Amino acid sequence: MHKILRQTQLSPNVIRLDVEASRIARTRQPGQFVIVRKGEGSERIPLTIADARTDEGSISLVIQAAGKSTRELVALQPGQFIQDMVGPLGRATELIAQGCALCVGGGVGTAVVYPIAQGLHRNGVQVISVIGGRSKPWVIFEPELRRLGEVVVCTDDGSYGRHGFVTDAVKDLLSQRKIDVVYVVGPVPMMRAMAELTRPLKVHTIVSLNPIMVDGTGMCGGCRVSVGNETKFACVDGPEFDGHLVDFDLLSDRLSTYRQIEQQVNARHEEACKIGLNR
Amino acid sequence: MNPRPSLKERIKIERQSMPEQAASDRQRNFKEVNLGFDERLAMLEAQRCIQCKEAKCIAGCPVLVDIPRFINFVAEGNLAAAAHSLLGDNALPAVTGRVCPQETQCEIECVRGRKGAPVAIGYLERFVADWAYQQPNQAPMETAPPTGRKVIVVGSGPAGLTAAGELVRRGHDVTIYEALHKPGGVLVYGIPEFRLPKKIVHDEVERLKQAGVKIECNVVVGKTYTLPELREHFDAVFIANGAGLPVFMNVPGENLKGVYSANEYLTRVNLMEAFAQSDTPVLIGKRVAVLGGGNVAMDAARTAKRLGAEKSMIVYRRGKAEMPARLEEIHHAEQEGIEFEFLVAPVEVVGTPQRWVSGLKCIRMELGEPDASGRRRPVPIKGSEFVIECDVVVVAIGSRANPLLTSTCPELKLNKWGFIEVDDQGMSNLPGIFAGGDIVRGAATVILAMGDGKRAAHAIDDYLKTK
Ligand SMILES: Cc1cc2nc3c(=O)[nH]c(=O)nc-3n(C[C@H](O)[C@H](O)[C@H](O)COP(=O)(O)OP(=O)(O)OC[C@H]3O[C@@H](n4cnc5c(N)ncnc54)[C@H](O)[C@@H]3O)c2cc1C
Ligand SMILES: Cc1cc2nc3c(=O)[nH]c(=O)nc-3n(C[C@H](O)[C@H](O)[C@H](O)COP(=O)(O)OP(=O)(O)OC[C@H]3O[C@@H](n4cnc5c(N)ncnc54)[C@H](O)[C@@H]3O)c2cc1C
Ligand code: FES
């Protein structure tokens, strides 16, 4: 049982939960994730460890309400519990030891990029973060990233920072500065676009993949992705891979496996919320 | 009670058949297929045992259960004594009575099988175990005074559970680390409810807990803790993490939507309870093709049918006689309308433009010369390709060693397939680190895993005494 210590709304659909997990807080490394199961009958879902505090033995999860499982998690209040949490899972990020890195985050991906930026900063690497959102209220983790270096904010509607997508900002930065590596976490189309942008420039690009997972230990193979034409299990071989080798079509295709079932579940869940069944 | 019938009368008794749910009913439910003997059937069957002086059946049992002894008590109607005898030899008889391949172990040795049918040893084992678990006020497990020695067991499958029981009995402080959120290993995530009710495993786990075994779920050794860390903090470690790495076919189309490993398919349904409409989804195929011929394949095919598939097929590259599954499972699958395609091998999974599975392209095989295992090797017949129409494919062609744990301890000696090498006591090349079950043998059986657990526990006990 893992107690919720704090719950903070970061954007209209993103919540930060600080959760008791002292063992995981001690050993987690940038890029690693946990799998949580809220209670009996709940799904097991993977979430990145966005931050950790060893003093109070907690980790932070930054969750975007996507469907039933994530909506149930973002509704948790301090003092309530997550029944099961396993981790830290996955390989740690391959961090460079010197030079300049671009950390690109879209939406909730910004929270996933944050521990990477932290690790790079600790290594003495110059960190430039490029983060984006639909409009001002959707931009998250800006103050935290500012502490680690320069931050470029982009909004789709121009309500805050630069008008446009993160790709445009990254394109400019790549032409102006010497960048050694780009870390990208966000929606699949964004990661794909970024990989296409850096490919001709031969800038090493690391993306964090988010396939559907079950156990997170390499036991089921449900999380398989194709990298350099080889099948990999993202939970143990990843979740981060060389963006120039990833088959993004396969990833987004496999992510849609349960879309029809999910839509039905979400409709039922909404109905239950309306009539107050789930309270 | 009636006086014991004479040997002559006993020889005349025919093997009693197992009462079971009708195939037409059970095709659509997840309740246990076999209903179990009642006392009358059990006594009748037990009387068929002629109590051989040199009972061959015992040698056929990997953990050497004194079979004639417990059966004799059943024949006498002394169930308490039968239970005491059986449970002294085997920690999980309610499990093994249901899942052991009796036809190749104890029952194949039974002299009654030479003329007619062997004694139904598995059914009797199950009967006695179920009877014992139903008794109120069961005596708690007797444990020796605490030794102060701390042992870690990695994995809560049959090997881990058996070892933990034997170790706690000897007074050691035992903690099991389990990666998943529920203990039981393959017994809970793999073998379906209709073959092994989860309550049996749950009750056994509770018994161990009452005896003092600590079980911590959600701990992945290799990630949450490394093996070297455990070695530092504990007096001994028993590794029983199974062979959890799915093997795929390595054919085009394997990543289409609708292709599952058996591990994923069965985990979604059993552990995550997709059959009971939990939050975890699973694709319900109309036509499901399952590749393989072992217990895992039978379980997957029968699960598909229960989830609602109109057609559920086993696709196997050898013939019926070569299928490694338990006879009873093959028989039950046939009764439930599972169809079999023998001597065919997959060459490609074909899909729709939206990349959903639409069929399995196969090639027909014929049996050639015997291979290393003594079974005739299947060879493809040129030009015989054909497509089996289906929308879900489940791959159940075996599993290999999962490197997650072993890769964090390079000093640990592995064989060339990645399984842990141990001596006859179950100890690895690293003093204090023992291993058993599927991570040593490769995908094997429940009873062999249990035997390893028991043997390693004894060896750990000896090791701790000398240390
Ligand atoms: C390594 C990793 C790290 C992640 N980190 C975060 C994070 O820090 N914050 C965050 O908000 N999200 C994160 N995700 C995504 C998150 O796990 C999914 O959004 C969540 O599982 C959706 O579940 P749902 O029931 O709420 O939505 P659903 O309605 O079930 O699904 C919405 C979409 O989420 C995806 N999804 C569904 N089930 C799973 C599953 N079991 N595993 C992965 N994806 C699934 C599918 O594409 C689906 O279409 C991460 C995913 C991975 C693989
Ligand atoms: C579907 C199916 C049907 C089967 N049917 C039969 C049958 O009818 N009869 C029969 O005799 N055998 C059968 N078998 C085989 C039998 O189940 C196995 O041989 C047996 O379970 C092996 O036991 P084990 O204790 O070695 O490992 P497992 O039962 O595999 O248990 C290993 C446990 O360790 C955990 N684990 C793994 N890695 C870690 C880690 N790094 N840290 C912590 N925990 C970890 C796993 O989650 C798991 O719970 C079947 C197998 C399957 C998959
Ligand atoms: S989630 Fe099961 S193997 Fe990766």
Side-chain angles (χ1 to χ4, degrees), chain A residues 2 21 23-24 26-28 32 34-45 67-69 72 83-91 212-226 231 233 235-236 247 249-251 253-262 264-265 268-269, chain B residues 178-182 186 189-190 216-226 229 241-248 250 254-268 271-274 276-284 351 354-356 395 399-405 407:
Chain A
H2 298 261
R23 193 158 58 195
I24 299 171
R26 254 197 333 267
T27 55
R28 65 99 196 194
Q32 290 190 301
V34 290
I35 286 188
V36 304
R37 179 171 168 267
K38 193 192 134 236
E40 284 313 317
S42 301
E43 220 178 334
R44 291 169 65 96
I45 65 163
K68 180 165 188 255
S69 308
E72 285 180 352
Q83 184 169 316
D84 297 294
M85 182 185 295
V86 59
L89 300 172
R91 285 179 197 256
I212 294 172
M213 295 186 175
V214 184
D215 57 296
T217 64
M219 180 272 274
C220 78
C223 62
R224 57 199 192 277
V225 292
S226 173
T231 295
F233 291 181
C235 69
V236 284
D247 182 343
D249 284 338
L250 179 71
L251 175 66
D253 185 52
R254 287 186 59 83
L255 275 169
S256 72
T257 304
Y258 302 105
R259 200 141 291 161
Q260 218 184 341
I261 305 180
E262 284 153 5
Q264 290 162 3
V265 170
R268 247 184 284 142
H269 184 63
Chain B
E178 166 56 49
L180 293 170
H181 58 262
K182 215 191 249 169
V186 168
Y189 79 70
E216 277 192 53
C217 288
N218 300 315
V219 175
V220 181
V221 176
K223 287 288 172 189
T224 314
Y225 300 116
T226 61
E229 269 176 296
N241 61 336
L245 184 75
V247 174
F248 284 92
N250 228 339
E254 196 150 54
N255 293 333
L256 290 171
K257 293 178 300 241
V259 181
Y260 286 110
S261 74
N263 278 359
E264 181 181 2
Y265 189 67
L266 292 170
T267 300
R268 284 181 178 274
L271 180 73
M272 304 311 297
E273 301 175 332
Q277 303 224 310
S278 70
D279 288 350
T280 303
V282 69
L283 294 174
I284 314 267
Q354 292 75 37
R355 301 175 58 98
W356 290 97
V395 185
S399 55
R400 281 200 287 256
N402 186 325
L404 187 69
L405 182 157
S407 65

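Nothing here was measured: the structure is a model prediction, and the numbers come from that model. Numbers restart at 1 for each chain; the letters A, B, ... are given by sequence-line order, proteins then strands.
Only the side chain of I212(A) has a heavy atom closer than 4.5 Å to any heavy atom of chain B. Contact of I24(A) with chain B is not made at all, since no heavy-atom distance falls under 4.5 Å. In this structure, no portion of Y265(B) lies under 4.5 Å from any heavy atom of chain A. Proximity to chain A (any heavy atom under 4.5 Å) is restricted, for L256(B), to the backbone atoms N, CA, C and O. For R28(A), no part sits under 4.5 Å from any heavy atom of chain B, backbone or side chain. With a 4.5 Å cut-off on non-hydrogen atoms, V259(B) touches chain A through its backbone and its side chain both. At a 4.5 Å heavy-atom cutoff, Q260(A) makes no contact with chain B through either its backbone or its side chain. Neither the backbone nor the side chain of E262(A) comes within less than 4.5 Å of any heavy atom in chain B.
Between the NZ atom of K223(B) and the CZ atom of R91(A) there is a distance of 7.0 Å, given to the nearest 0.5 Å. T267(B) contributes atom OG1, which lies 9.0 Å from atom CZ of R44(A) (distance to the nearest 0.5 angstrom). Rounded to the nearest 0.5 Å, atoms CG (L404(B)) and CZ (F233(A)) are 12.5 Å apart. Atom CH2 of residue W356(B) and atom OG1 of residue T257(A) lie 5.5 Å apart, to the nearest 0.5 angstrom. To the nearest 0.5 Å, the span separating CD1 on I261(A) from CG on D279(B) amounts to 12.0 Å.
Put simply, the side chain of E43(A) reaches to within 4.5 Å of the side chain of P281(B), judged on heavy atoms. Residues T224(B) and T27(A) fail the side-chain proximity criterion, which asks for heavy atoms closer than 4.5 Å.
Remark: the N255(B) side chain and the R254(A) side chain contain no N/O donor-acceptor pair separated by less than 3.5 Å.
Judged by distance alone, the side chain of N263(B) and the main-chain N or O of M219(A) form a donor-acceptor pair under 3.5 Å. The backbone N or O of E254(B) lies less than 3.5 Å from a partner atom in the side chain of R224(A), making a donor-acceptor pair. Using a distance-only test at 3.5 Å, with no hydrogens or angles considered, a donor-acceptor pair links the side chain of S261(B) to the main chain of C220(A).
By number of non-hydrogen pairs under 4.5 angstrom with chain B, the leading residue of T217(A), I35(A), D215(A), V34(A) is T217(A). In terms of heavy-atom pairs under 4.5 angstrom with chain B, the leader among R37(A), E72(A), M85(A) is R37(A). For the set G67(A), S256(A), G90(A), the count of heavy-atom pairs under 4.5 angstrom toward chain B peaks at G90(A).
Summarising the geometry of G221(A) relative to P246(B), their closest heavy-atom pair is N-CG, 4.0 Å, with the distance given to 0.1 Å.
Across D84(A), V36(A), V86(A), a single residue satisfies side-chain contact (heavy atoms from CB on, under 4.5 Å) together with H181(B), and that is D84(A).
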request  = Test side chain to side chain contact (heavy atoms under 4.5 Å, CB included) on R23(A) and E216(B) and set out the steps.
outcome  = CA-CA 13 Å; R23(A) 193 158 58 195; E216(B) 277 192 53; 2.8 Å; yes
